[in-house]
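Bear in mind that the values here come from a model prediction, so they are computed numbers and not experimental data. A, B, ... follow the sequence lines: proteins, then strands. Residue 1 opens every chain.
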Amino acid sequence: MSEFLQQVINGISLGSIYALIALGYTMIYGILRFINFAHGDVFMVGAFIGYFVAPHVISLTGGSLWIAAPIVLIVTMVGCSALGVTIEKLAYRPLRSRPKLTVLITAIGVSFFLEYGGQLVFGPDPKLFPTLIPSSSLINTQHVVIGTNSIVVILTAIVLMLLLRFIVYNTKMGTAMRAVSFDHRVASLMGINIDSVISFTFVLGSGLAAAASLLYASVYPSINPLMGIFPGLKAFVAAVLGGIGNLAGAALGGLIIGITETFVSGYISSSYRDAIAFAILILILLFKPSGILGRHDRDKV
Amino acid sequence: MDLLTLRSCTMRFGGLTAIADLSIGLAAGDLLGLIGPNGAGKTTIFNMITGIYRPSSGQVLFDGHSIVGLKPNQIADRGIARTFQNIRLFPSMTVYETVQAAYSKGVKYGLIHAVSRCGPFHTSEEETDRAIAELLEYFELETVRNEIAISLPYGQQRKVELLRALATKPKLLLLDEPAAGMNPSEKVALMGLIERVRSDFRVSILLIDHDMRVVMGICKRLVVLDYGVKIAEGSPREIQCDSKVIEAYLGEPTE
Amino acid sequence: MRLHKSGLMLIAAIVTGFAISRFEHLINPYYYQVLIYIGINIILASSLNLINGFAGQFSLGHAGFMAVGAYTSAVVTSQLHFASSSMLNTAAFSLALLLGGIVAAIFGLLVGIPSLRLKGDYLAITTLGFGEIIRVIVQNLDFLGGARGFTGIPKLTNFVWVFSTVAIVILLVSNLINSTYGKSFLAVRDDELAAETIGISSTRVKVIAFVTGAFFAGVAGALYAHFVTYINPAQFSFLKSFEIVVMVIIGGMGSIFGVILSAILLTILPEMLRSVAQYRMVVYSLLLIVIMITRPRGLFVRTRTAKQSVALKTLR
Amino acid sequence: MKTYSGILAALFTTLVILGCGGGDKGDEILIGEFGSLTGTTATFGQSTHHGLELAVEETNNAGGVLGKKIRLLVEDDQSKPEEAATAVTKLITRDNVKAIIGEVASSRSLAAAPICQQFKIPMVSPASTNPEVTKKGDFIFRVCYIDPFQGEMLARFMYNSLGFKKAVILKDVKNDYSVGLAQYFRQTFESLGGTVVAEQAYSEGDSDFKAQLTALKAAEPEAMFVPGYYIEGALIVKQARELNMTMPIVGGDGWDSSKLLEVGGQAMNNTYFSTHYSTDDTAAAVRSFVTKYSARFNERPDAMAALGYDAGLILFDAIRRAGNTDGTAIRDALAATSDFTGVTGSITIDERRNARKPLVILTVENASLKYKESIQP
């Protein structure tokens, strides 16, 4: 029972990180209808920005992590947002009216570029991520341990998700985003500037990926240029699982993948973990192709 | 016995009823016109017959057998072919290839023969080639046979689509607003062609149009639809005098 | 005479292959090796082109089929290998290639079935998932060596085997596509619904495409395994699938000749970039992005009419 | 069709022209290195490369070998076996190298070894520990010990020196090295009378191990064996400590990196791992290597760097003894290597072309490495 409880906490903590990445995937998909394969690598770049920025910030703030961490978070989010918008402008925008497949391949190209470029610039060896979240155990019994890490991860994820929800549903830009995701043409007829909405979406998505990367790196403090591949892929699976284009779905999908993976690792075998995430995905798609919370697109005749 | 029978068919999308309790009969050799204002549910009926939608309730009988629940390609195999309101040609194909695609189902050889080019392959391909050539000639399309179909003028695209449907050798042809976007003289020519096709290919036709005058000339019988409900049925003359029809069309631009 | 044209072409190709193989020892082994990789990549890209380019089903799981073929054939030859007799070797290897292809085709059927319900991105991620599942399963099978890989595969692949297969694949795909029968593939790709309404079963087309494509991916995997002589699951990850997809896209989906050229180009390019070692993957990825922006329909495809481009644009 | 043929012709021409040249210039001895300079295990490839570079520079500064300078040609294999095969073929047949050094990962060495054997070019692997590698032929050597030896020694160490009877294993299923080590450890440990009460697995590149650790903890082990690479090793130890698992944790030579303590910190206390040498070793060879390496690359050498360095020196020594650069002569000289004083100990090449040399066990106390003991073969 105690083992079970521990696994649930491990799972939620991992799942909320997946959820943050998945939100970026799902928003970009909702607006542009293509899989931004480079999203996982934006996540990776976020971790490296944090790696380079954090020591300076920490020394400037006199070592107080409670002040330093939010500053690093903001700097990283700004950095990743700038990267996301740049990628969109340079690589995706020229292709906006082209077949989705072309954009998909371009996204794969961008992903390779960031990974191999990262190996070149940052070096291929793993780096130790500095401590941003003061690590101690909140609950520490013989069998169950809950550290500040897990709690901070879960709380930050919840706050960011609520913030995102507020932006999407209660601001003018959010309304414009929803309009664009519904129909580009109609939205532009309504006087919405599609370009700025898309840029804004990349700002939000990449910012969330940046936050996720800091949380991830704080819990698992080894970062390297290829670290984005699997979390990115899993997050995408989570987005599809929840119903791609659906914010609540992405969060739910992230949690499901995180918890399932943890349970499979703990009770069956971690060697099947990567396969299990995909197996769930395939089953869901076979029985409910639009995902758990997704709406079904009907082929218009 | 009727070739096609719709027996109290209803089609609902969520809370919206697109077709309500509709019954239609079409005898072999008939040319039945289905008219009604925009949004009356005409295309929905076609989608129901061709298996794209499954009716929420009711029966669709073709040649005496129910075709509800069959897939579109199975229904096409039974002998129902259609055209689309917003022409759906294959964007990568020439006119010839488009017709070839319609023949791909009926070739007298299989995958192994296709890839190895032996057995009945060459005989069958020659037969198909001759048949396509005849059809292209009949529709006066032989000069554009190697043009990409969707690069042709609108009127010719309509013809190619009609030809593609006919190439499947249907018993029943469903034409969805074949005259849309044409000028009056083109419309007249097209109606002439449809009438000729009906007799030359011994095919029954169900034709949709929202413009009554287009179909008056060639249809012996008309069904009028409004908001998914059949409001009148009869000869063109009877329909023209029907008060409900006039009411439904009042204020409707009739081009 | 015309009746046997394909057969003659095939025989000519194989005879040429044999003739060249006579001079095998004259070719620098490095070029020889690159040539073999070119051949294997042509098989992989052409077979994926059948699924992606002709049947319009976007698959990201080709490396999985390749893995199935590679491992199946490796098991067969490790059971049947008679080093002493070249006749028996040939027989064993033929059987291994065939079985590799067949088992991969069975997996193709398994993957093809979900494709009946899924489209576009969903299909892409599902096929990617299947590929990864295959890899993970192999990784957990001890009798296949698990993560440690399968060693001691006899080196049976040579120029003749590879380029005979290349000839067969190209001929087969072009014969299929240029036949009336094959038009059903293009029809499903162009407009699935319209294809259905003229009696074409999209189910059948998709399943045939997946099974045939997987078969040849399996054969390519078997050829690969018996050339490299060592295989491990990591070689068949989704990155390998990406590589093959990129070949198809850059060659031009549905262009037989373009895909062959791009398979050649993309095998040689990394070799040419060897001198820039660490930079080469960065250069490669930049090229990929630039090509997609400037020649999105592929490097080797004639430009279509404007109207057609518009129509194709709205397709997916 | 015409333009296509044109393009095709152009492509083939490029293939033929493609980097012609290479070959001996008479005053140089060409040595080929293939390694994972990029890709998933790039960090090992680069360390080995640095070590080897240092060996080449030193040798050349001291006048070279047989009166000639050593020239090192490096090919990146992107951490992929098929790339390793191509790279080695190119080095041998296009560049005409006299010997090959590589690779760290056994999977790539296994792909390259048959090619070296075929062309009768000696290959020296710095760190491939899978026993299969040198079985590929009599031209294939290595300067490290093999997995069965290491697994056995670690099991004996845990059972005899530490005195534990109940162990658990957490291995990397994606990594052939880790799987092998786990297998040999288990065999020996059980034959000694110990029990492996639970075994769990993770995959290379993972960074969350809490699920597996929670399950292992439930088996109540006295000690844990974590064969794998340092980055995962350190994370596993760290997370284990967070989960209140205080038992001793033992790792293999994959743990040896300065990063281990950087990542693990104080959590690494009470861990042990086997390696090839200790940087604290007072032997002259080690001290000079550590000093020179740190000065040249601005980082402390890890085990891979030391093995790369030794692989180079042993090869150059063999060429010197062979008296010429003929492949067979170098092979015979390599096979006769005996008591060579390398950074990683006194190395003798045995009849299976594996290195017979001591295994060093280090422990961590107060977040710094301490020499524990050396186990002679």
By a 4.5 Å heavy-atom criterion (distance strictly below it), what part of D/Gln239 contacts chain A: side chain, backbone, both, or neither? side chain
For D/Arg300 and D/Val290: C-alpha separation, side-chain torsions, deciding distance, then whether side-chain contact (heavy atoms from CB on, under 4.5 Å) applies. CA-CA 7 Å; D/Arg300 281 180 72 76; D/Val290 173; 4.0 Å; yes
Sequence neighbours excluded - salt bridge (Lys or Arg N to Asp or Glu O under 4.0 Å) pairs with any residue from residues 4-23 of chain A: none
Heavy-atom cut-off 4.5 Å, strictly under: side chain, backbone, both or neither for D/Gln200 against chain A? side chain
Considering only heavy atoms, which portion of D/Phe44 lies under 4.5 Å from any heavy atom of chain A: side chain, backbone, both, or neither? neither
Engaged part of D/Lys238 at the chain A interface, taking heavy atoms whose separation is under 4.5 Å: side chain
Hey, can you tell me if A/Phe236 and A/Phe37 have their rings parallel, tilted or perpendicular (30° and 60° cut-offs)? tilted
Within this structure, what is the OH-CG distance for the pair D/Tyr293 and D/Asn298, rounded to the nearest 0.5 Å? 10.5 Å
